[in-house]
Amino acid sequence: MTAAVVVAVLVAGGVYLVLQRELLRTVLGFVLLGHGVNVLIISAGGMATREPALLGQQDRAQMADPLPQAFVLTAIVIAFAITVYLLALLKAGDEDEGGDPR
């Protein structure tokens with residue numbers, strides 16, 4: 001229940017920010033959407049109801065599935081790369097339009 005509320009808040013905030021005109025708000029909206037999807041995937045992996053996936057420690061039937069964890073780790077790296085790229089576009093666009101070139 002708690003993960004569903006967190007996902008709903010993150011996705012709602014992300015969609016709201018993506019629909020704004022300013023590029024910085026759009027970038028922050030993509031970040032929030034990425035975090036919402038990551039929480040959704042982790043909650044679907046059953047982390048709250050199962051034991052950590054450590055071989056030799058528990059019965060294999062009681063272990064959480066490590067595949068969603070690997071997906072989320074990959075998604076975090078991709079989201080970081082996209083965020084850096086979008087922020088670089090924001091900076092380049094500000095310099096082209098005669099903004100403050102700090």
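Val18 and Val31 end up in different hydrophobic clusters when Ile, Leu, Val, Met, Phe, Trp and Tyr side chains are linked at under 4.5 Å. Connection of Val9 to Phe30 is not established within any shared hydrophobic cluster, with ILVMFWY side chains joined at heavy-atom distances below 4.5 Å, either directly or through further cluster members. When hydrophobic clusters are built by joining Ile, Leu, Val, Met, Phe, Trp and Tyr residues whose side-chain heavy atoms come closer than 4.5 Å, directly or via intermediates, Leu67 is not grouped with Leu40. Tracing side-chain contacts under 4.5 Å through hydrophobic residues (I, L, V, M, F, W, Y), one never reaches Val37 starting from Val39; they form parts of separate clusters.
Counting heavy atoms from C-beta on, the side chains of Leu24 and Leu87 come closer than 4.5 Å.
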What pairs of donor and acceptor atoms, side-chain ones from residues 74-86 against any protein atom, are under 3.5 angstrom apart with sequence neighbours left out?
unit_1: Thr74; atom_1: OG1; unit_2: Ala70; atom_2: O; d: 3.0
unit_1: Thr83; atom_1: OG1; unit_2: Ala79; atom_2: O; d: 2.7

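If you take CG on Leu89 and OG1 on Thr26, they are separated by 12.0 Å, rounding to the nearest 0.5 Å. Distance CG/Leu32 to CG/Leu17: 6.0 Å, rounded to 0.5 Å. Here CG of Leu28 is found 11.0 Å from CG of Leu33. Values are rounded to the nearest 0.5 Å.
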